[in-house]
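Chain A is the first sequence line, chain B the second, and so forth, proteins listed ahead of strands; every chain is numbered from 1. Reckoned from all heavy atoms, side chains included, excluding hydrogens, waters and symmetry mates.
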Protein chains: 2
Amino acid sequence: MTGLIRVLLAEDQGMVRGALASLLGLEPDIEVVGEAGDGEEAVAVAVRERPDIALLDIEMPVMDGIAAAAGIRARVPGCQVMILTTFGRPGYLRAAMEAGAVAFLVKDSPARELAAAVRRVRAGERVIDPGLAAAALSAGPNPLSPRERDVLVAAADGASIGDIAGRLHLSEGTVRNYLSSAIQKTHARNRIEAVRRAQAHGWLPGRLPGRPDGGVT
Amino acid sequence: MTGLIRVLLAEDQGMVRGALASLLGLEPDIEVVGEAGDGEEAVAVAVRERPDIALLDIEMPVMDGIAAAAGIRARVPGCQVMILTTFGRPGYLRAAMEAGAVAFLVKDSPARELAAAVRRVRAGERVIDPGLAAAALSAGPNPLSPRERDVLVAAADGASIGDIAGRLHLSEGTVRNYLSSAIQKTHARNRIEAVRRAQAHGWLPGRLPGRPDGGVT
DNA sequence: TGCCGCCTCTGACAAATGTCACCGCCGATC
DNA sequence: GATCGGCGGTGACATTTGTCAGAGGCGGCA
């Protein structure tokens, strides 16, 4: 039976999730059998519903879409994972492929491509933007060590060396050294540029903070 | 005649735009009469189609949704402007109201609220999240001077004092002074925190760069 | 076994950053 | 006419940041 294609949709913004569901719902051969607002929920629903396809956003709270992809691949072997994300970052694409995804779409593309991609995946194809694939290959793998990443993400929200050292239980000198090597590996000229370049490449984890920074006092 | 509600939809991400259109298309009393991918296009289409309601994203390239709102209010008096944005920032809400918008929705909300909000606006109501309104009032108006904003946005992508001075045709000392006062007004401890806090409040222009930073070399 | 990369740390140094006090010029407002 | 805020600038100063050259320890791999 090549009946309805059963799709799970994971996306943290409720309005976008609902809108995408209605978009897919227009297709006669596609059925949205589950929705999730974060990665953990996505895995849980996938285990329960056993969809043909899981369509995952990357930037989600609690657990990002890449980790959810790996979780679903491990627990629901029959389910193909597609990534649908705002940012076409080379590092995201690479990480998605390594996590077992077979498609990588960006939200910039025209809406009609979504259903088409779902059908192509169902037919066994991979769906990846050729330009993005080239960028991912030419950019090479993530050069940052885990610790360098930690320090960069901490630096990203304005923490000083001392703050970062405290947060990561490191000495200040160590933090300086990691920051310095991260700056060099990203070919940046200071930590801000390093953070931005690492983000542009998709070298930093794609998780979303639970809630804004609350600083609105 | 209280016929179909004619809606213009402006949103830069094609897939989201199409999905929202399909969501609104499900409603029997709503018709999407135009779509736009940036603020300039939104104004042009509004002038041509004279919709009842313009539904605008804020973070768009070329011209942001706030500026587009003002343009539409000035040129198409019969058209009500609704803002639909990812970020519920107090400063955005305030700026949107000053630009003549009558509704402010965040994409986090459930999808079903969209059509409901459109109908309420059509009936003459304003639609604003009460919590967000309170935050906007308690946060007070934007304390940053235009020049302080300029310097902060330049600092946001990693430029050094010298870079900023060159870009803005100022002396380095002047840039330091603006940066310092921006840091104090935002109660931050360095420029990165200042940028982040200003962004969180919605005190920086909500435009999107034409394309990423190209640094993927 | 040796080599390599990563982790952690120290100490010293130059350069960039942030602060402060102060200057004059303009335009708006009381 | 005076006052105030914004704009643009200078010079001096303390602090922070970024760099470099080391050091030892760990685990993997040839």
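- Annotation: side chain of I53(A) is not in contact with side chain of C79(A) (no heavy-atom distance under 4.5 Å).
- Straight-line distance from the CD atom of E148(A) to the P atom of dG18(D): 14 Å, rounded to whole Å.
- Taking atom CZ of residue R189(A) and atom C1' of nucleotide dT19(D), one finds them 15 Å apart after rounding to whole Å.
- Of the two residues contacting DNA chain C, namely S181(B) and L170(A), the nearest-nucleotide position lying further toward the 5' end is that of L170(A).
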Exercise. Can S181(B) and E148(B) be said to form a side chain to side chain donor-acceptor pair (under 3.5 Å), step by step?
Worked result: CA-CA 8 Å; S181(B) 70; E148(B) 285 160 356; 2.8 Å; yes
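- Of the possible donor and acceptor atoms, none in the side chain of N177(B) sits under 3.5 Å from a partner among the backbone N and O of T174(B).
- If you check dC6(C), dC7(C), dG18(D) against the side chain of Y178(A), the one that comes closest is dC7(C).
- Of the possible polar contacts, one joining the N142(A) side chain to the W203(A) backbone as a donor-acceptor pair under 3.5 Å is found.
- Rounded to whole Å, atom P of dC9(C) lies 11 Å from atom NE2 of H169(A).
- Note that CG of D57(B) is 5.5 Å distant from OG1 of T85(B), once rounded to the nearest 0.5 Å.
- Contact annotation: R147(A) side-chain N/O to dT8(C) OP1/OP2 distance is under 4.0 Å.
- The backbone N or O of A70(B) lies less than 3.5 Å from no partner atom in the side chain of R75(B), so there is not a single donor-acceptor pair.
- The minimum heavy-atom distance linking L105(A) with L114(A) is given by the pair CD1-CD1, 3.8 Å.
- Between the CD1 atom of I164(A) and the P atom of dT8(C) there is a distance of 14 Å, rounded to whole Å.
- Considering only the side chain of I183(B), dT19(C) comes nearest among dC7(D), dT19(C), dC7(C).
- Within the 3.5 Å criterion, the main-chain N or O of P205(A) finds no donor-acceptor partner in the side chain of R149(A).
- Where P146(B) and A188(A) meet DNA chain D, the nucleotide closest to each residue was compared, and P146(B) sits on the side nearer the 5' end.
- One N or O on the side chain of R89(A) and one on the backbone of Q199(A) form a donor-acceptor pair closer than 3.5 Å.
- Remark: S180(B) is in phosphate contact with dT19(C), judged by side-chain N or O atoms under 4.0 Å from OP1 or OP2.
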Look for any protein N or O under 3.5 Å of an N or O in nucleotides 10-13 of chain C and output each such pair with its distance, or none.
residue : atom : partner : partner atom : Å
dT10(C) : OP2  : S171(A) : OG           : 3.3
dT10(C) : O4   : N177(A) : ND2          : 2.9

Produce the list of close N/O pairs, under 3.5 Å, pairing protein atoms with atoms of nucleotides 24-30 of chain C; give distances to one decimal.
none

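- In this structure a side-chain-to-backbone donor-acceptor pair under 3.5 Å is missing from K107(B) to M15(A).
- Between the CD atom of Q184(B) and the P atom of dT17(C) there is a distance of 17 Å, given to the nearest Å.
- Summarising the geometry, the separation between CG on L144(A) and P on dC7(C) is reported as 11 Å, rounded to the nearest angstrom.
- A donor-acceptor distance shorter than 3.5 angstrom exists from the side chain of N190(A) to the backbone of G158(B), with no hydrogens or angles considered.
- If you check every strand for non-hydrogen atoms under 4.0 Å, R191(A) touches sugar and phosphate atoms only.
- Rounding to whole angstrom units, CD1 of residue I192(B) and P of dA16(C) are separated by 16 Å.
- Distance, N190(B) CG to dT17(C) P: 11 Å, rounded to whole Å.
- The closest donor-acceptor contact from the side chain of R6(A) to the backbone of D52(A) lies at 3.5 Å or more, if one exists at all.
- Only at 4.0 angstrom or more do the heavy atoms of residues 151-163 of chain B sit from any atom of DNA chain D, so none qualifies.
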